[in-house]
Amino acid sequence: QVHLVESGGGLVQAGGSLRVSCVASGRTFSSSSMGWFRQAPGKARELVAVISGGGATTYTAQSVKGRFTISRDNAKNTMSLQMNSLEPEDAAVYYCAAEPMVVGGLQKADCWGQGTQVTVSS
């Protein structure tokens, strides 16, 4: 049984920083690509960042490029998203996902976390 648990969401002022993390259990973590999606009220779910199993390859959405950094620690089965220079538009529920992908416009993943709320005040 695969299980992903996010932590680290919260309230931050615009321009501030926040780090969200995801701990995985029940799977071979280091062989799985991992990623973060986010969904704001009334908006479509968006793929924010992806990192390969070994951590050598990353993808960051244009909307957060230069501000967000994805990383992982395979020894701890943990993946993190460091978010800097946060903007009100970054406010959303952030979801950890294993093997994330976008196929034909559909957001897919082998497994999803329960989500963690990030709120950015202006």
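Atom set for the values below is all heavy atoms of this structure, side chains included, hydrogens, waters and symmetry mates excluded.
Under a hydrophobic clustering in which Ile, Leu, Val, Met, Phe, Trp and Tyr are joined whenever their side-chain heavy atoms come within less than 4.5 Å, directly or via other members, Val23 and Phe37 fall into different clusters. In the hydrophobic clustering of this structure, Trp36 groups with Leu86; members are Ile, Leu, Val, Met, Phe, Trp, Tyr whose side-chain heavy atoms approach within less than 4.5 Å, directly or through other members. When hydrophobic clusters are built by joining Ile, Leu, Val, Met, Phe, Trp and Tyr residues whose side-chain heavy atoms come closer than 4.5 Å, directly or via intermediates, Leu47 is not grouped with Met79. Transitive grouping of hydrophobic side chains (ILVMFWY, heavy atoms separated by less than 4.5 Å) brings Val120 and Phe68 into a common cluster.
Remark: Asn84 engages Ser17, Gln82 in a side-chain hydrogen bond (donor to acceptor under 3.5 Å, both in side chains) (not counting sequence neighbours).
Panel note: side chain Gln107, backbone Arg45; a donor-acceptor pair is recorded below 3.5 Å. With hydrogens and angles disregarded, a donor-acceptor distance shorter than 3.5 Å links the side chain of Arg72 to the backbone of Ser52. Formation of a donor-acceptor pair under 3.5 Å by the Asn74 side chain with backbone atoms of Gly54 is not found in this model. Listed for the Asn77 side chain is a donor-acceptor partner under 3.5 Å among the backbone atoms of Ala24.
Put simply, the side chain of Asp110 does not reach to within 4.5 Å of the side chain of Ser32, judged on heavy atoms. Met83 has its side chain within reach of Val20: a pair of non-hydrogen atoms, C-beta onward, lies under 4.5 Å apart. Within the 4.5 Å cutoff, no side-chain heavy atoms of Lys76 are placed close to those of Ser21.
Relative orientation of the Trp112 and Tyr95 rings is perpendicular, given thresholds of 30° and 60° on the angle between their planes.
Considering Ile70, Val64, Thr60, Leu18 in turn, Ile70 is the only one that fulfils the side chain to side chain contact (heavy atoms under 4.5 Å, CB included) rule with Leu81.
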*Quick one: do Asp90 and Arg67 satisfy side-chain contact (heavy atoms from CB on, under 4.5 Å)? Show the steps, please.*
CA-CA 11 Å; Asp90 295 317; Arg67 300 186 297 120; 2.7 Å; yes

*Residues Val118, Arg38; criterion side-chain contact (heavy atoms from CB on, under 4.5 Å); working and verdict*: CA-CA 9 Å; Val118 171; Arg38 69 183 181 184; over 6 Å; no

Arg19 vs Ser71, test: side-chain contact (heavy atoms from CB on, under 4.5 Å). Steps then yes/no. CA-CA 11 Å; Arg19 185 180 184 91; Ser71 63; 3.7 Å; yes

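Of all heavy-atom pairs between Glu99 and Met101, the closest is O-CE, 3.5 Å. Looking at every heavy atom in both residues, Ala92 comes nearest to Gln117 through O-NE2, 3.4 Å. Closest of all the heavy-atom pairs between Ala109 and Ala98 is CB-O, 3.4 Å.
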